[in-house]
Undergrad: 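If you scroll down you'll find the structure; I have some questions about it.
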Amino acid sequence: GVEVGPQPQGVARADILDKMRKIVKHGLDFVQLFNEGQEFPPCTIEVFKIMEKVDYPRNKNDEIIAIIHPKLQDQDWQPLNNGDPLFLTLDGEVIPYQGNCTVYPTFINEAAYYEKKQAFVKTEKIKLTARHLRCSVS
């Protein structure tokens, strides 16, 4: 499957549809070239690995007591460092990120994840290396 987003539920956006078409076409092109015996050189790519899901701050009654800080909103895949604003309480208090490394939050404040108790997902940026790849055509 291919998920391209974010976009609101029930909304069809031309720009997102275009991105999805392009990634599917690249995938199909790769399969065709691989099956024809094309050799692909070694490569390295940066990816984001999920570390953990982060919930909203809650009170003893399990009610959300803070929202995503405005400086974090719409900043998916951007670095979040120790001390950066994370949440904003309903009383206006800033709750900073407290971590020992830079993380890259995603799925920030997605409506579909409220019921799953997920304010965002922390990811880390890592590099993956692939050796050369070639299929022998018979």
Undergrad: Considering only residues two or more places apart or on different chains, which pairs with a residue in residues 119-130 satisfy salt bridge (charged side-chain N to carboxylate O under 4.0 Å, His left out)?
TA: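 Listed once each, the pairs are Glu46-Lys125, Glu52-Lys122.
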Undergrad: If you take the centroid of each ring, where Trp contributes its six-membered ring, are Tyr104 and Phe48 closer together than 6.0 Å?
TA: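 Between Tyr104 and Phe48, which both carry aromatic rings, the centre distance is below 6.0 Å.
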Undergrad: Check the angle between the aromatic planes of Phe40 and Phe30 and answer parallel, tilted or perpendicular using the 30° and 60° thresholds.
TA: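 Tilted, since the angle between the ring planes falls between 30° and 60°.
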Undergrad: Are the side chains of His132 and Pro41 in contact, using a 4.5 Å heavy-atom criterion?
TA: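 Sidechains of His132 and Pro41: no contact.
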Undergrad: Check the side chains of Gln118 and Asp55 for a donor-acceptor pair under 3.5 angstrom, ignoring hydrogens and angles.
TA: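 There is no such pair between these side chains.
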Undergrad: Less than 4.0 Å between a side-chain N and a carboxylate O, is that true for Asp18 and Arg13?
TA: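 The answer is no: the pair does not qualify as a salt bridge.
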Undergrad: May I ask you to check whether over 12 heavy atoms, not counting those of Ile50, lie within 6.0 Å of atom CD1?
TA: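 No, the 6.0 Å shell around CD1 holds no more than 12 heavy atoms from other groups.
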Undergrad: Would Tyr114 and Asn109 count as having a side-chain donor-acceptor pair, cut-off 3.5 Å?
TA: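 Side-chain D/A pair, Tyr114 to Asn109: present.
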Undergrad: Does Leu133 reach the side chain of Phe34, with side-chain heavy atoms less than 4.5 Å apart?
TA: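 They are in contact (side-chain heavy atoms under 4.5 Å apart), so the answer is yes.
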Undergrad: Does Leu128, at its CG atom, have more than 12 non-hydrogen atoms belonging to other residues, nucleotides or ligands within less than 6.0 Å?
TA: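 Counting neighbours around CG of Leu128, more than 12 heavy atoms of other residues, nucleotides or ligands fall under 6.0 Å, so yes.
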Undergrad: Would you mind checking if Asp29 and Lys25 are paired as a salt bridge, meaning a charged N to carboxylate O distance below 4.0 Å?
TA: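 Looking at Lys25 and Asp29, the cut-off is met.
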Undergrad: Should Leu72 and Ile108 count as side-chain neighbours, where that means a heavy-atom distance under 4.5 Å?
TA: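 The answer is yes; the side chains approach within 4.5 Å.
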Undergrad: Taking the side chain as every heavy atom from C-beta outward, state whether Leu86 and Leu80 have any pair of such atoms under 4.5 Å apart.
TA: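 Heavy-atom side-chain distance check passes, below 4.5 Å.
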